[in-house]
K.L.:
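A single structure is presented below for examination.
Just so it is clear, the structure is predicted and the values come from calculations on it, not from any experiment.
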Amino acid sequence: MQKIIIFFFLCVLDTNAESGCELFGRFEMPSLFKEGRIMIGGIFPVFNKEIATTSSFVREPGKVICAGLDLRVFRWTQVMIFAVEEINKNSTILPNISLGYRILNSCASPTNTLRAALTLAGGIEKKESNSSCPPAISALIAESGSTQSLAVAGTLGPFRVPIVSYFSTCACLSDREKYPSFFRTIPSDYFQAKALAALIRHFGWQWIGAIQSDNDYGRNGVLAFTEEVKKFGVCVAFVGTVLRTYSMDKILDVVEMIKQSTVKVILAFVPEGDLYPLMKEVVKQNITGIQWIASEAWITAARPSTPEMYRAFGGALGFVVQKVEIPNLKPFLTSISPYKDPNAAFVGDFWEVMVGCRPNLPGTQTVTVKTKKFCTGNETLENFQDVFFDVTHLRVSYNVYNAVYAVAHALHHLLFCKKPGEKAEKLCFNISEIQPKQVTDHLQRVRFRNQFEDDVFFDENGDPPAAYELINWQLKDGQVQHVTLGHFLSTASGEYKLSIHEDDIVWRTGKKVPSSLCSNVCTAGTRKAQIKGKPVCCFDCIPCAEGTIANISGAADCTPCTKEFWPNERKDECIPKAKEFLSYHEPMGIAITVVSLLGATLSLAIIMVFVRYGGTPVVKASNSELSCFLLFSLFLCFLCPLTFISRPTVWTCMLRHTAFGVTFALCISCVLGKTIVVVTAFKATFPGNMVAGKFGPTQQRIIVFSCTLVQIVICILWLNLNPPFPDMVFRYSNNKIVLECNPGSEAAFYTVLGYIGILAFICLILAFLARKLPDNFNEAKCITFSMLVFCAVWITFIPVYISSPGKFTVAVETFAILSSALGLLISIFAPKCYIILLKPEKNTKKITNKTHQ
């Protein structure tokens, strides 16, 4: 059908070009008309429903019949007429050039809109035989619905006929390649989608529903909105589709969808006429507790703004363009009368609805509901208080007003080559030569400030700047009021700013902001876990894994703590890990300290015994000088574990390992000296053996000093090249830090141990070789036993040391030091002290020399 209409239009253009104003056919469409030197057209859905008729395809289709006069839209037509007349009276815009208009009805139908557009583009349908060819329109003010505008822009766009819409918001119309001559004075749904998404994000709604109209406006609007809210993690639970021509079964399906869903917030991106049937059914079934979010198409519409609808839709929020009060418009509206121009379309129907009687005029303009009485002719609109005459909150009407003025400014600049207000003495362009493309080009460059101090201009896509007011439905004095509670504005940087007066919002669900979530927000210490097969807004909350926290509610992931920290029990905060080291205050530290001091005291006591009984045979026979060196080294060995207790520092780490290595090297060196003395003493009993004479006190000191010096050199190299240092170890436990001394160089550490082991092994071998010597007073057996104990302790120490965790590593090392020192002390000196202190009768030279006899 549309292809046939377009073919007809091309024929019309061709006929006009070749042979004047002859038409092959015409659509009988009533109009509001005023002739002028320059004509602009207007298409409005004055009647919101087309009565369907059946075409037989045998004869030409009949006249289109429409019903349902929309007073709001009729006022838009009057605003266009008012703006044209205001421009004609203004000497600064198009001076001495009359601006005419022709306004047609679209019946809110894309097909009928296309008929109207082709009718307007083809020029005047009827003319007097002696008149010149009247001008076609230079611009078109159309249309309300996005689907209708798509039909018009797609058809007239290739001919570059400028189209300025006042209420079509579909973002698809911003495509300059498809619609090169389309402009609008209302922001695109691209911006409205951003505004609605910002509103959803502001109140934290995560689980919402959507209702769309089954046309380009609804589908594209919900699609743009869905893409925006998905950026914020919002889920759309369902999308219902409605249309004014849908059957009641389809409407009930959407109602059931709303009832079955758990959402508490629903966006309705639907024109008022398409949404009204659904609204009535929602009220009928008493579906309350829903927070409705409205598109600009119905939030301020008069028909649904009733106390009855407020029961279900009260507290609705939505964005609209700014409102103004146009001066002198109200007197113009109250002066409307069907008797001024009996041929004016739509006025008789308006009069019948407004006054309640049918004007007694010749003929009928449209088929309307029959009334029982005719007007007397004395009726007037002067004192009417209907909302139709309230011009203080004009929004779409203001868009129509700006559209007419934008076209007038473009025409003025085209004809006078100057902007309105600048002195223009004569035309610089012939009116009869005006081409639609030229008007389109000048319209693209239009920029002026109107009487309301608003800048009117179009961007490269034909869109105006984005600016919205946030509207809230509130019931005051029994009437639904559209209260402005915020704004959404685009900034110079391309960003958007939303401001809301939250305290003044009236919610349908009460004073508290309604919540709409598929799953409750995860508390701190837990994270979201996606449920397979469900939207991202539906999730389970699981505790954070070990070592991680979530310190905010609704966390998608848990954050790991740094190495020095560990989660608390609630896993919502990282707290410092407990630092573990061997201290003096714990039982293990106390035990080591007591044993260490006891061993040191015992060593000093034995030294005192040896000093006190230094002249006795037992003391002399055991080499008192080496014994005192050995006891002193054991005293130091017992004190070594004290450096292993308390928090490790740089100095204690260097001291504990080197002190241990040097003191034990001194200790084993003394034992080695004693072993050599025992062996040489008994070897000297054989005739001609001079070994004993050559191994006197000086040689003994050299042995002790040289063996100890090697260990000192090893320790000095260790400290200079890679010394021990305090270290924090995390591998033993997740929730604590073990403070220990890192040896720095493992090789140096085991070299120190290995050197002590070599000395101990030599002592063991020598003592073992001397074990069968005369045993009356054979010290070799004591040394052999002590070395066996020493070696057993340190051989056991190595695997236990490697496998012990944390502070137990230190405890194992101190145990090895204490046990080996005690083994040496008891094995070597316990028999001597026993004789000296408990068996003094055996402490004689005779006993000690009995072996030699």
K.L.:
Measure the shortest side-chain to side-chain distance between His657 and Trp718 over non-hydrogen atoms and say whether it is less than 4.5 angstrom.
P.N.:
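Counting from C-beta outward, His657 and Trp718 do come under 4.5 Å.
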
K.L.:
Is a side-chain donor or acceptor of Ser633 paired with a backbone partner of Leu630 at a separation under 3.5 angstrom?
P.N.:
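Answer holds: yes.
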
K.L.:
Would you give the length of the straight line joining atom CD1 of Ile835 to atom OG1 of Thr616, rounded to the nearest 0.5 angstrom?
P.N.:
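If I round to the nearest 0.5 Å, the distance is 10.0 Å.
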
K.L.:
Got a second to check how far Thr698's OG1 is from Phe705's CZ, nearest 0.5 Å?
P.N.:
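So the gap between those two atoms works out to 14.0 Å.
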
K.L.:
Could you walk me through whether Leu582 and Ile592 pass the side chain to side chain contact (heavy atoms under 4.5 Å, CB included) test, one step at a time?
P.N.:
CA-CA 10 Å; Leu582 191 61; Ile592 291 172; 3.7 Å; yes

K.L.:
For Tyr750, look at atom OH and say whether over 12 heavy atoms of other residues, nucleotides or ligands are found less than 6.0 Å away.
P.N.:
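Buried by this count: over 12 neighbours within 6.0 Å.
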
K.L.:
Shortest non-hydrogen contact from Cys763 to Ile668?
P.N.:
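Heavy-atom minimum between the residues: SG-O, 3.7 Å.
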
K.L.:
Pick one: which of Cys518, Cys537, Cys538 meets disulfide (SG to SG under 2.5 Å) with Cys235?
P.N.:
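Of all the options given, the one that passes is Cys537.
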
K.L.:
Got a sec: does the OH of Tyr834 have more than 12 other heavy atoms crowding it under 6.0 Å?
P.N.:
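Atom OH in Tyr834 is not crowded, with 12 or fewer foreign heavy atoms closer than 6.0 Å.
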
K.L.:
Between Cys522 and Cys541, is the SG gap short of 2.5 Å?
P.N.:
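Answer is yes, sulfur atoms closer than 2.5 Å.
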
K.L.:
Counting only N and O atoms by type, is there a donor-acceptor contact under 3.5 Å from the side chain of Lys832 to the main-chain atoms of Ile828?
P.N.:
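Between the backbone of Ile828 and the side chain of Lys832 there is a qualifying donor-acceptor contact (under 3.5 Å).
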
K.L.:
Donor-acceptor pair, Asn722 side chain versus Gly744 backbone, under 3.5 Å?
P.N.:
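Indeed, once roles are kept as given, a pair shorter than 3.5 Å links the two residues.
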
K.L.:
Got Ile505 and Asp503 here, is their nearest side-chain heavy-atom distance under 4.5 Å?
P.N.:
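No, too far: nothing below the 4.5 Å cut-off.
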
K.L.:
Could you pull out the closest heavy-atom pair between Cys707 and Tyr755, with the gap in Å?
P.N.:
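It is O-OH, 2.5 Å.
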
K.L.:
Report the C-alpha separation of Phe725 and Trp651 in whole Å, then their side-chain angles, then the decisive distance to 0.1 Å, and conclude whether the ring pair (Phe, Tyr, Trp, His ring centres under 6.0 Å) test is met.
P.N.:
CA-CA 8 Å; Phe725 60 88; Trp651 290 105; over 10 Å; no

K.L.:
Just wondering, do Leu822 and Phe638 contact through their side chains at under 4.5 Å, heavy atoms?
P.N.:
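They are in side-chain contact.
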
K.L.:
Is there a side-chain contact between Phe225 and Lys194, using heavy atoms and a 4.5 Å cut-off?
P.N.:
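No, side chains not in contact.
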
K.L.:
Counting only heavy atoms not in Phe632, do more than 12 fall under 6.0 Å of its CZ?
P.N.:
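Not more than 12 within 6.0 Å, no.
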
K.L.:
Find out if the SG atoms belonging to Cys574 and Cys561 lie under 2.5 Å from one another.
P.N.:
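Taking the criterion (SG atoms under 2.5 Å apart), Cys561 and Cys574 satisfy it, so yes.
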
K.L.:
Are more than 12 heavy atoms, taken from residues, nucleotides or ligands other than Phe785, located less than 6.0 Å from that residue's CZ atom?
P.N.:
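Result for CZ/Phe785: open.
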
K.L.:
Got a donor-acceptor contact below 3.5 angstrom from the Gln711 side chain to the Gly661 backbone?
P.N.:
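Between the backbone of Gly661 and the side chain of Gln711 there is a qualifying donor-acceptor contact (under 3.5 Å).
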
K.L.:
Using 0.5 Å steps for rounding, measure from the OG1 atom of Thr649 to the CE atom of Met654.
P.N.:
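Reported to 0.5 Å precision, the distance equals 8.5 Å.
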
K.L.:
Test side chain to side chain contact (heavy atoms under 4.5 Å, CB included) on Cys544 and Thr526; report intermediate values, then the result.
P.N.:
CA-CA 5 Å; Cys544 289; Thr526 61; 5.8 Å; no

K.L.:
Is there side-chain contact between Trp507 and Lys512, with heavy atoms separated by less than 4.5 Å?
P.N.:
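With C-beta onward as the side chain, the pair stays apart.
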
K.L.:
If every non-hydrogen atom of Tyr584 is compared with every non-hydrogen atom of Leu642, which pair is closest and at what distance?
P.N.:
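Minimum heavy-atom separation between Tyr584 and Leu642: OH-O, 3.1 Å.
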
K.L.:
Atom NZ of Lys577 and atom CG of Asn735: how far apart are they, to the nearest 0.5 Å?
P.N.:
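Answer for the NZ-CG pair, Lys577 versus Asn735, is 7.5 Å.
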
K.L.:
Is the centre of the Phe660 ring less than 6.0 Å from the centre of the Trp794 ring?
P.N.:
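Phe660 vs Trp794: aromatic centres under 6.0 Å.
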
K.L.:
Nearest 0.5 Å, please: how far is CD1 in Ile552 from CG in Asp572?
P.N.:
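Going from CG on Asp572 over to CD1 on Ile552, the span is 11.5 Å.
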
K.L.:
Going through the checks in order, is the side chain to side chain contact (heavy atoms under 4.5 Å, CB included) test met by Phe635 and Thr601?
P.N.:
CA-CA 8 Å; Phe635 169 75; Thr601 303; over 6 Å; no

K.L.:
Looking only at non-hydrogen atoms, find the nearest pair between Pro560 and Thr548 and report the distance.
P.N.:
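Distance-wise, the nearest heavy atoms are CA-CG2, 3.7 Å.
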
K.L.:
Minimum heavy-atom separation for Ala197 to Glu228, with atom names?
P.N.:
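Reported closest heavy-atom pair: CB-CB, 3.6 Å.
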
K.L.:
Are Phe581 and Phe644, when compared by the centres of their aromatic rings, separated by less than 6.0 Å?
P.N.:
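So the answer is no for these two rings.
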
K.L.:
Are the side chains of Arg201 and Lys231 in contact, using a 4.5 Å heavy-atom criterion?
P.N.:
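Counting from C-beta outward, Lys231 and Arg201 never come under 4.5 Å.
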
K.L.:
Within a reach of under 6.0 Å around CZ of Phe629, are more than 12 heavy atoms found that belong to other residues, nucleotides or ligands?
P.N.:
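Count not over threshold, so no.
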
K.L.:
Are the side chain of Thr652 and the backbone N or O of Pro648 linked by a donor-acceptor pair below 3.5 Å?
P.N.:
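No.
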
K.L.:
For the backbone of Ala556 and the side chain of Arg527, can you confirm whether one donor and one acceptor N or O come within less than 3.5 Å of each other?
P.N.:
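Side chain of Arg527 to backbone of Ala556, a donor-acceptor pair under 3.5 Å: no, none is there.
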
K.L.:
What closest approach, in Å, do Ser603 and Leu631 show between heavy atoms, and which atom pair accounts for it?
P.N.:
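In terms of heavy atoms, the two residues are closest at CB-O, 3.9 Å.
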
K.L.:
Should Asn742 and Pro726 count as side-chain neighbours, where that means a heavy-atom distance under 4.5 Å?
P.N.:
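Not in contact.
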
K.L.:
Got a sec: does the CZ of Phe808 have more than 12 other heavy atoms crowding it under 6.0 Å?
P.N.:
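It does not: Phe808 CZ has 12 such atoms or fewer within range.
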
K.L.:
More than 12 heavy atoms of other residues, nucleotides or ligands under 6.0 Å from CD of Glu569: is that the case?
P.N.:
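No - once you tally the heavy atoms of other residues, nucleotides and ligands closer than 6.0 Å, there are 12 at most.
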
K.L.:
Hey, could you give me the CH2/OG distance between Trp207 and Ser519, rounded to the nearest 0.5 Å?
P.N.:
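Atom-to-atom, Trp207:CH2 and Ser519:OG are 8.5 Å apart.
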
K.L.:
Give the intermediate values and the outcome of side chain to side chain contact (heavy atoms under 4.5 Å, CB included) for residues Glu573 and Asn551.
P.N.:
CA-CA 6 Å; Glu573 182 184 3; Asn551 56 6; over 6 Å; no

K.L.:
List the steps and the verdict of side-chain hydrogen bond (donor to acceptor under 3.5 Å, both in side chains) for Thr593 and Ser596.
P.N.:
CA-CA 5 Å; Thr593 303; Ser596 179; over 6 Å; no

K.L.:
Would you call Glu625 and Arg701 a salt bridge, taking side-chain N to carboxylate O under 4.0 Å as the test?
P.N.:
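Salt bridge: yes.
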
K.L.:
With a 6.0 Å cut-off on the ring centroids, do Trp205 and Phe232 count as close?
P.N.:
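Ring centres of Phe232 and Trp205 not closer than 6.0 Å.
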
K.L.:
Any heavy-atom pair between the side chains of Ile266 and Ile208 that's under 4.5 Å?
P.N.:
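A side-chain contact is absent here, since even the closest heavy-atom pair is not under 4.5 Å.
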
K.L.:
Heavy-atom count check: over 12 atoms from other residues, nucleotides or ligands less than 6.0 Å from Phe815 CZ?
P.N.:
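Check fails, neighbour count at 12 or below.
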
